[in-house]
Structures are given as structure tokens and as C-alpha cells.
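One structure below.
All heavy atoms count here, side chains included; hydrogens, waters and symmetry mates do not. All residue numbers refer to positions in the sequence shown, counting from 1. Worth saying up front: this structure is predicted, and the values here are computed from it rather than measured. First listed ligand is number 1; within each ligand, the first listed atom is number 1.
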Amino acid sequence: MRVALGADHAGIELKSALAAHLKAAGHEVADLGTHGPESVDYPDFARAVATSVARGDADRGLLVCGTGQGMAMSANKVPGVRAAVVADTFSARMTMMHNDARVLCLGARVVGQGLAKDIVDEWMGATFEGGRHASRVAKMEGA
Ligand code: RB5
């Protein structure tokens, strides 16, 4: 899959670890920044990644900040994008299967690298179930 990655200064280390993890699993990774340790504004990177997913340039988007919260709030402002903050593997799987959340947000100050990799694996391995979930997701978009 093609995965767009983004982080702010708080998430840059975890982003790098996850980029390497995804590449090792055979995925195509587009790192949309940030690329340095300077303090930056998370909405800029959330918008870049969410827009990439909304346009179809990426199949999935992965965002990391301190808590994941600001990234998710920002990414969810991009029409058609559903971003979820996740800190456990069950929610990671279910938010893909039931909510078609193609953008996953992680908090680098919340989860360690080992758990973050497991969360990403669970989410990447899950697919949207459609059916009754499709009409519910459509209602989010105003259907
Ligand atoms: C940066 O200090 C922090 O506010 C940011 O990474 C994120 O946690 C916001 O939601």
C-alpha cells in the first residue's frame, strides 16, 4: 500500500521508526514531514497527509504528534477523511473495519515504539467491512 506519513516535532522520532517498519513490510512510504527537530504546527502536516489520502495519492495516512489528538482534529477537517486516534490494537483494527478510518493518529508521548508498530500492523492488516457500516459512514458525510 501507499502510505503518507506526517508528524510534528513531538512525533518525528516515532514517525521515522514507523516509516522504516512500513518499508520493511513492503509498503511504499511518502514522508511529508516534518523533517527536523524545530517546533512546527501539527495542522500543517495533518492537512498534507489527509489531502494526500482524500485525493487518492495515498491509500492510508499515518500522523504522529504528542498525543495524536491535534492531528486527528485537523485531519478530520479535510472532506471525506476519517482520522482516528488509537492507543490499542483492538481499536486500530476496528476503526478500519467499521469506520473506514484511512488516517491513523498516534501519540508519541502516549505509546511506545513497540506498541505503535503493533497498532500500525493491526490497522494495515484490516479492511473495511462495508455493508451496514458503509451506510453509517456515509451518514457522517451527510448522506
Ligand atoms: C506539541 O507540544 C503538542 O501540542 C502536539 O504534538 C500534539 O500533542 C497536539 O495535539
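For the atom pair CE of M96 and NE2 of H133, the computed distance is 12.0 Å after rounding to the nearest 0.5 Å. Atom CG of L104 is separated from atom OG1 of T95 by 7.5 Å, given to the nearest 0.5 angstrom.
Within the 4.0 Å heavy-atom cutoff, H9 counts among the residues contacting ligand 1.
Among all non-hydrogen protein atoms, the one lying nearest atom 7 (C) of ligand 1 is C65 SG, 3.3 Å. For atom 2 (O) of ligand 1, the closest heavy atom belonging to the protein is R109 NH1, 3.3 Å. Remark: minimum distance from atom 9 (C) of ligand 1 to any protein heavy atom is reached at Y42 CE2, 3.5 Å. Nearest protein heavy-atom neighbour of atom 6 (O) of ligand 1: D8 OD2, 2.6 Å.
At a distance under 4.0 Å, no protein heavy atom can be found next to atom 4 (O) of ligand 1.
Counting heavy-atom neighbours within 6.0 Å of E13 CD, excluding the residue itself, gives a total of 12 or less. The neighbour count for Q113 CD, taken as heavy atoms of other residues, nucleotides or ligands under 6.0 Å away, is above 12.
Between the side chains of D59 and H27, no donor-acceptor pair of N or O atoms lies under 3.5 Å.
Hydrophobic clustering of Ile, Leu, Val, Met, Phe, Trp and Tyr side chains at less than 4.5 Å, counting indirect connections, keeps M71 apart from V120. Put simply, M97 and F128 are part of two different groups of oily side chains (I, L, V, M, F, W, Y) that touch within less than 4.5 Å, one to the next. With hydrophobic clusters built from ILVMFWY side chains whose heavy atoms lie under 4.5 angstrom apart, V111 shares a cluster with L5.
Proximity of T67 to ligand 1, defined as any heavy-atom pair under 4.0 Å, is shared by backbone and side chain alike.
When only interatomic distances are considered, the shortest N/O to N/O separation between Q69 and ligand 1 does not fall below 3.5 Å. Annotation: G66 places an N or O atom under 3.5 Å from an N or O atom of ligand 1; distance criterion only.
Within the listing of ligand 1, atoms 6 (O) sit less than 4.0 angstrom from a heavy atom of A10. Interface of G70 with ligand 1, defined as ligand atoms under 4.0 Å from a residue heavy atom, comprises 10 (O).
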